[in-house]
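Written out below as structure tokens is the structure these notes cover.
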There are 2 protein chains.
Amino acid sequence: MVELKEEALTQIYSALADPTRRAILLRLQHQEARVTELAAPFAMSLNAVSKHVRVLEGAGLVRREVRGREHFLALEPAPLEAASAWLETYRQFWSQRLDRLETFLRDKRAEKKSPRRK
Amino acid sequence: MVELKEEALTQIYSALADPTRRAILLRLQHQEARVTELAAPFAMSLNAVSKHVRVLEGAGLVRREVRGREHFLALEPAPLEAASAWLETYRQFWSQRLDRLETFLRDKRAEKKSPRRK
DNA sequence: TCATTATTCAACCATATGGTTGAATTAAAA
DNA sequence: TTTTAATTCAACCATATGGTTGAATAATGA
């Protein structure tokens, strides 16, 4: 099972918290790309995108391969799955909630049969 | 299907990006709690925790119910599922990647049988 | 060799974030 | 009614973040 240190989770979620970075990740889903290519669609400087890429890299979400003067970025999906797994734990909440509801209703029925005084 | 506006995703992931807030969410998984109760385990002021709670509330991850002077916080799991769903899209990446690899290998085999000149 | 291209580095700036303390508000308890 | 308790509001502070511009570095192409 995938487990991440708090530190890593913080980095990953911080990385995902920016719309530009999410867009970059979506872009990389199709194909790897160079920094300049990644920057093209955005109304911001190449430098800004370069920084975003570094954040994604720092979070381990993206891998960089330098070929000559070009840097190719590719998605690194493993940590995203880990982050996703963390979120998944919340799904348990629903079943727990339903369990509690059921218990509540059962107690309620029992109470009706042999009521304790208020 | 759960779909979220960019804005909402930003709020959710920003909320998740802080370890204190993640701890609060985990705590609320067991049971609802008041602000003071939530604050107890942390080495920071009640005010700080109060702020964190407000962030979680703003992201829609937590619901507040005021009873008298006490504020009870409870998990609101729906948006977490949505955020999780967003992450899930990345799983597609693996299959795509494998598809491409397969295509590559198939082309390679075909190329061997009837090579095009370089 | 020289100009161009791809990228990062460095300094800077405005705003956001995560924390503090102290006062205000409101409800409960004595 | 007076005190105590649960919470937020407001002001403040240090640091982080997301952006800018300009210069540096290094590889490619002419």
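Remember, predicted model here, so these are calculated numbers, not experimental data. Any value given below was found using the heavy atoms of this structure, including those in side chains, with hydrogens, waters and symmetry copies removed. Proteins come first, then strands; the chains are lettered A, B, ... in the order of their sequence lines, and each starts at number 1.
- Of all nucleotides listed (D:dC9, D:dG19, D:dT7), D:dT7 comes nearest to the side chain of B:E70.
- Between the side chain of B:R22 and the main chain of A:E6, a donor-acceptor pair closer than 3.5 Å is present.
- Going from atom NE2 of B:H52 over to atom C1' of D:dT8 covers 16 Å, rounded to whole Å.
- Of the candidates D:dG19, D:dT8, C:dG18, D:dT8 carries the atom nearest the B:V35 side chain, counting heavy atoms from C-beta on.
- With rounding to whole Å, A:L46 atom CG is found 13 Å from C:dC9 atom P.
- Rounding to whole angstrom units, CD of residue A:E7 and C1' of D:dA16 are separated by 14 Å.
- Proximity of B:M44 to B:H52: side-chain heavy atoms (C-beta onward) are separated by under 4.5 Å at one or more points.
- In this structure, the CD atom of B:E37 is 16 Å from the P atom of D:dA5, given to the nearest Å.
- The phosphate of C:dA27 has neither OP1 nor OP2 within less than 4.0 Å of any side-chain N or O from B:R67.
- Nucleotides of DNA chain D nearest to A:G68 and A:S14 differ in position, and the one nearer the 5' end is that of A:S14.
- Two residues are said to be in side-chain contact when any heavy atoms from C-beta on lie closer than 4.5 Å; B:L9 and A:L16 fail this criterion.
- At distances below 3.5 Å, at least one donor-acceptor pair connects side-chain atoms of A:E37 with backbone N or O atoms of A:R34.
- Minimum atom distance to the side chain of B:S45 is reached by C:dT21, of the listed C:dT21, C:dA6, D:dG19.
- With D:dT7, D:dT4, C:dC9 as the candidates, the nucleotide lying closest to the side chain of B:R69 is D:dT4.
- Listed pair B:H71 / D:dA6 fails the phosphate criterion, with no side-chain N or O lying under 4.0 Å from OP1 or OP2.
- Atom CG of B:L38 is separated from atom C1' of D:dA6 by 13 Å (rounded to the nearest Å).
- One interatomic measurement links the two molecules: CG of B:L56 to C1' of C:dG18, which rounds to 13 Å at whole-angstrom precision.
- Protein atom CD of B:E57 is 13 Å distant from nucleotide atom C1' of D:dT7, rounded to whole Å.
- Checking D:dT8, D:dG18, C:dG19 against the side-chain heavy atoms of B:N47 singles out D:dT8 as nearest.
- Distances were taken from every side-chain heavy atom of B:K51 (C-beta onward) to each of D:dG19, C:dG18, D:dT7; the shortest belongs to C:dG18.
- One can place CE of B:M44 at 8 Å from C1' of C:dG18, the figure rounded to the nearest angstrom.
- Judged purely by atom type and a 3.5 angstrom limit, B:E65 has no side-chain atom pairing as donor or acceptor with the backbone of B:H71.
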